[in-house]
Amino acid sequence: MSTFRTPRGTQDLLPDARPGWDHVVSAFERRCRLFGYDRIETPTFESTALFARAVGIDTDIVSKEMYSFDDRGGDSLTLRPEGTASVVRAYNQHGMKNWSQPVRLYYVTPIYRYDRPQAGRLRQHHQIGAEVLGEADGHVDAEVIALTWGVLGDLGLADLQLNLNSIGDPDDRAAYREALLAYYRPLEDQLCRDCRTRLESNPLRLLDCKEASCQPHKAAAPHSIDHLSAEAAAHFEQVKAGLEALGIPFKVDHLLVRGLDYYTRTVFEIWPATVGGQTTIAGGGRYDLLSEFIGGDPLPGVGFGCGIERVLLNLEAAGLLPPPPTRPTVYIAPLSEAAQPTATGLAGRLRAAGIAVLSGYRGASPRSHLRRANTAGVRYAAILGDRELESGRVALRDMLSGLQEDVALNDLIAEIAKRSASPSG
RNA sequence: GUGGCCGUAGCUCAGUUGGUUAGAGCGCUUGGUUGUGGCCCAAGAGGUCGGGGGUUCGAUCCCCCUCGGUCACCCCA
């Protein structure tokens with residue numbers, strides 16, 4: 001056993017896991033093309049200050065989960081802990097305001113957060129995500145949600161629940177915060193210990209409490225949408241109208257507040273049918289102030305992130321993982337040292353003709369060669385021994401039927417092409 | 001960062017109330033007479049019994065620490 005292992009909370013992506021992974025990403029990219037989004041790739045690390053200012057210095061992500069380090073020049077850099085800040089940074093850096101608006105971008109990227117690993121939670125996980133920059137209309141929020149919803153639907157995930165809320169603009173949030181405090185303060189001695197702490201540190205989090213005794217208080221707590229400005233309220237109506245026009249079912253969840261400071265107005269999360277620990281598979285919202293947080297001009301934006309590993313867990317649970325990829329068509333079995341050069345040359349010509357070849361090498365018995373061909377799942381084995389070398393032919397064995405016939409070396413490509421073209425072959 | 005449970009071959013797991021060379025199934029390699037797969041049979045390779053320390057004549061087994069996994073909390077994807 002090797003001394004080294006993957007660092008805590010990280011995993012190797014082995015060949016068996018590849019089909020599922022590619023399945024998710026290609027479903028996403030198909031949807032992105034359908035919606036007219038272009039791919040962007042930003043650096044794995046950015047200036048630490050970018051995330052601190054965008055996500056918020058008091059958030060868990062920034063205060064305790066970032067992989068930050070000083071490089072040899074003394075700059076503080078951080079491995080990307082979320083996807084949005086980099087995209088907004090790129091918009092500003094490259095003058096995308098001069099592009100046709102809005103700008104629609106998507107990404108597939110690793111995300112790093114120093115957190116205690118558990119089911120569906122890793123220190124390096126991967127997200128697919130998209131952002132729309134430069135348009136404030138609530139129907140764009142609906143578009144982004146539709147993109148997310150469509151990807152998960154394309155993958156076959158059923159019983160998804162879309163939770164939607166609006167936390168308004170900063171003034172609205174401040175007013176709502178006061179309303180929450182006014183409601184909760186008199187109840188203080190009935191609250192759980194955590195909630196009493198939240199009362200001081202982060203009142204919005206009171207709505208997240210899972211303690212049974214706090215549930216009745218949550219249910220009767222004031223709603224954020226009752227504290228929206230006229231503009232924010234109208235915007236929320238646009239989002240809902242957009243979703244209704246798209247036929248996407250949603251539930252307004254008054255308890256939904258998200259943990260990144262940049263969110264304004266729309267927030268949403270998508271939950272799978274199974275309920276347990278880490279169940280949110282996608283989440284996002286609007287962030288009209290983010291650009292200004294990081295020193296840019298005002299820029300409305302909305303986007304989402306979706307955890308690939310969590311999607312895969314759900315696909316696996318639902319039996320929706322795709323089948324293994326196709327195997328090479330031909331296994332080449334050289335039976336002797338003398339046959340090896342011919343076998344190598346044959347493999348080269350077959351591949352040049354577009355036929356997938358798995359090369360066997362001398363030193364294995366005919367039995368071993370065929371066992372390997374069998375395990376590999378190829379359709380044909382091309383056997384080259386001394387007999388074949390003398391006659392300039394090759395024994396072509398159909399691994400499905402067990403039928404075998406000699407074919408002239410020069411006719412092999414045509415023979416395989418003919419067989420794969422015919423319905424029986 | 002907090003708490004519960006767990007850690008024996010690549011995988012899934014036995015095992016020893018502390019006692020000489022640690023087991024199975026699957027997988028892998030090779031073989032079952034002349035050049036032929038899948039089933040079957042056999043042999044082989046593969047383990048510092050997660051790591052370190054302690055108790056003991058002796059520890060994979062008991063104790064402590066540590067690392068890792070897992071579940072819940074926190075938070076999030």
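Proteins get letters first, then strands, A, B, ... in listed order; numbering begins at 1 in each. Values reported hereafter were calculated over all heavy atoms of this structure, with side chains retained and with hydrogens, waters and symmetry mates removed.
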Next item on the list: Ignoring hydrogens and angles, answer whether the base of B:G35 and the side-chain atoms of A:Arg397 contain a donor-acceptor pair closer than 3.5 Å.
Entry: no
Next item on the list: Taking only the side-chain nitrogens and oxygens of A:Ser365, find out if one of them lies under 4.0 Å from OP1 or OP2 of B:G31.
Entry: yes
Check: For B:G58, what is the paired nucleotide under Watson-Crick or G-U wobble rules, both distances under 3.5 Å?
Finding: none
Check: Should B:G38 form a Watson-Crick or G-U wobble pair with both distances under 3.5 Å, which nucleotide is its partner?
Finding: none
Check: Considering every strand shown, what is the Watson-Crick or G-U wobble mate of B:C26 when both distances are under 3.5 Å?
Finding: B:G10
Item checked: First encountered from the 5' end of RNA chain B, between A:Thr10 and A:His125 -> A:Thr10
Item checked: Spacing of A:His126 atom NE2 relative to B:C76 atom P, expressed in whole Å -> 21 Å
Notebook entry, point to check: Expressed in angstrom and rounded to an integer, what is the separation of A:Arg116 atom CZ from B:A77 atom C1'?
Noted result: 19 Å
Next item on the list: Look through every strand shown and name the nucleotide pairing with B:G3 as Watson-Crick or G-U wobble, where both distances are under 3.5 Å.
Entry: B:C71
Next item on the list: Would you confirm whether A:Arg80, through its side chain, and A:Pro43, through its main-chain N or O, come within 3.5 Å as a donor-acceptor pair?
Entry: yes
Next item on the list: For A:Glu388, report the nucleic acid contact type (base, sugar-phosphate, nothing); a contact means any heavy atom under 4.0 Å.
Entry: base
Note to self: From CG of A:Leu335 over to P of B:U36, roughly how many Å is that when rounded to an integer?
What the structure shows: 10 Å
Check: For the residue pair A:Phe28 and A:Tyr106, is the inter-centroid distance of their aromatic rings smaller than 6.0 Å?
Finding: yes
Margin query: Do A:Tyr184 and A:His217 pair up side chain to side chain, a donor and an acceptor below 3.5 Å, judged on atom types alone?
Written below: no
Notebook entry, point to check: Touch check for A:Gly402, heavy atoms < 4.0 angstrom, all strands: base, sugar-phosphate only, or nothing?
Noted result: base
Next item on the list: Round to the nearest Å and state the distance from A:Met66 atom CE to B:C76 atom C1'.
Entry: 15 Å
Item checked: Closest nucleotide among B:G32, B:C74, B:A77 to the A:Arg367 side chain -> B:G32
Checklist line | Position toward the 5' end of RNA chain B (nearest nucleotide), A:Asp60 or A:Arg387 | finding: A:Arg387
Margin query: When you compare the ring of A:His369 with the six-membered ring of B:G37's base, are the centres less than 5.5 Å apart and the planes under 30° from each other?
Written below: no
Next item on the list: Identify whether any heavy atom of A:Ile111 sits under 4.0 Å from a base atom; if not, whether one sits that close to sugar-phosphate; answer base, sugar-phosphate or nothing.
Entry: nothing
Note to self: Closest approach to the side chain of A:Asn374, judged atom by atom: which nucleotide of B:C73, B:G37, B:U36 is it?
What the structure shows: B:G37
Check: To the nearest Å, how far apart are A:Arg121 CZ and B:U2 P?
Finding: 13 Å
Check: Is A:Arg372 near enough to B:U30 that one of its side-chain N or O atoms lies under 4.0 angstrom from OP1 or OP2?
Finding: yes
Checklist line | Complement of B:U21, any strand, by Watson-Crick or G-U distances under 3.5 angstrom | finding: none
Checklist line | Atom of A:Ala85, atom of A:Glu82 and distance for their closest heavy-atom approach | finding: N-OE2, 2.6 Å
Next item on the list: Compute both the distance and the angle, then confirm whether A:Arg39 meets the cation-pi test with A:Tyr107: under 6.0 Å from the six-membered ring centre, within 45 degrees of the axis.
Entry: no
Item checked: Candidates A:Ile281, A:Leu162, A:Asn314 - the one meeting side-chain contact (heavy atoms from CB on, under 4.5 Å) with A:Leu152 -> A:Ile281
Notebook entry, point to check: Taking only N and O in the side chain of A:Ser368, is any of them less than 4.0 Å away from OP1 or OP2 of B:U30?
Noted result: yes
Next item on the list: Select base, sugar-phosphate, or nothing to describe what A:Glu65 touches, counting heavy atoms under 4.0 Å on all strands.
Entry: sugar-phosphate
